[in-house]
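Here's the structure, in structure tokens; my notes come after.
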Amino acid sequence: GHKTLYFERSGPSYHHKAITDMSICRRKPLLATSSLDGTIHVWNYETSSEEISKQFPTEAYSVALHPSGLFLLAGFSDKMRLFNILMDDFSVIKEFTIRACRER
């Protein structure tokens with residue numbers, strides 16, 4: 001059967017606008033969500049807790065976790081960004097000039 005998951009937040013809030021995408025990691029118990037409010041959240045679905053929450057200045061349209069759980073690719077209204085996932089933050093590795101990136 002299906003198990004219902006409830007998440008506890010560690011940051012200031014959940015998404016305030018529509019969630020635009022979701023990605024699940026293959027090797028770690030991580031789930032990432034992006035939203036029109038410009039936030040990206042990374043959740044641990046085994047502990048039902050939020051690992052990272054980051055606010056960006058533009059809408060976040062898409063998100064994809066690398067199978068290792070060490071990298072995240074996100075599409076924003078102004079560009080696409082590749083991040084390292086750190087303990088409590090994201091670090092930009094590279095930015096691509098692809099506007100309104102909604103597909104993975």
Side-chain angles (χ1 to χ4, degrees):
H2 296 287
K3 181 180 176 185
T4 302
L5 297 176
Y6 298 95
F7 292 94
E8 294 180 22
R9 63 182 175 169
S10 62
S13 64
Y14 294 111
H15 294 294
H16 295 293
K17 292 185 180 177
I19 293 173
T20 53
D21 201 9
M22 179 178 74
S23 178
I24 298 174
C25 180
R26 290 181 182 242
R27 296 187 192 146
K28 292 184 178 180
L30 300 177
L31 178 141
T33 55
S34 59
S35 172
L36 292 178
D37 64 9
T39 60
I40 293 179
H41 296 271
V42 176
W43 311 88
N44 182 317
Y45 59 79
E46 283 186 352
T47 62
S48 298
S49 62
E50 183 182 75
E51 298 279 319
I52 304 170
S53 175
K54 183 144 180 149
Q55 177 73 50
F56 295 91
T58 58
E59 296 174 331
Y61 293 136
S62 59
V63 66
L65 284 166
H66 187 272
S68 69
L70 301 175
F71 307 100
L72 182 136
L73 186 65
F76 296 90
S77 58
D78 62 341
K79 59 185 73 171
M80 186 170 67
R81 294 178 178 94
L82 177 63
F83 298 99
N84 270 325
I85 298 176
L86 308 174
M87 291 295 291
D88 59 357
D89 200 4
F90 303 117
S91 172
V92 176
I93 297 172
K94 187 163 177 78
E95 294 185 338
F96 305 89
T97 54
I98 301 171
R99 292 173 142 320
C101 184
R102 289 182 164 88
E103 298 287 329
R104 287 184 281 202

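FYI, side chains are in, hydrogens and waters are out, and symmetry mates aren't considered; it's all heavy atoms of this structure. On a predicted model such as this, the values are computed, not experimentally measured, just so you know.
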Heavy-atom closest pair, residues Phe76 and Arg81: CD1-NH1, 3.0 Å
Neighbour count above 12 (heavy atom, 6.0 Å) for Asp89 CG: yes
Are [X] and [Y] close enough that some pair of their side-chain heavy atoms sits under 4.5 Å apart?
| X | Y | value |
| --- | --- | --- |
| Met22 | Thr33 | yes |
| Tyr45 | Leu30 | no |
| Tyr61 | Ser34 | no |

Parallel, tilted or perpendicular, as decided by the 30° and 60° cut-offs, for the rings of Phe90 and Phe83: tilted
Interatomic distance, [X] atom [atom1] to [Y] atom [atom2] [nearest 0.5 angstrom]:
| X | Y | atom1 | atom2 | answer |
| --- | --- | --- | --- | --- |
| Cys25 | Leu70 | SG | CG | 8.0 Å |
| Thr58 | Leu36 | OG1 | CG | 11.0 Å |
| Asn44 | Glu50 | CG | CD | 11.5 Å |
| Ser91 | Ile85 | OG | CD1 | 11.5 Å |
| Asp88 | Ile52 | CG | CD1 | 7.0 Å |
| Arg26 | His66 | CZ | NE2 | 11.0 Å |

Hphob cluster co-occupancy, Val63 + Ile19, side-chain heavy atoms under 4.5 angstrom: no
Leu86 reachable from Leu73 in the ILVMFWY side-chain graph, under 4.5 Å edges: no
Between [X] and [Y] (side chain of the first, backbone of the second, donor and acceptor by atom type, cut-off under 3.5 Å), is there such a pair?
| X | Y | value |
| --- | --- | --- |
| Ser35 | Ala18 | yes |
| Glu46 | Lys28 | no |
| Thr20 | Ala60 | yes |
| Ser23 | Leu65 | yes |

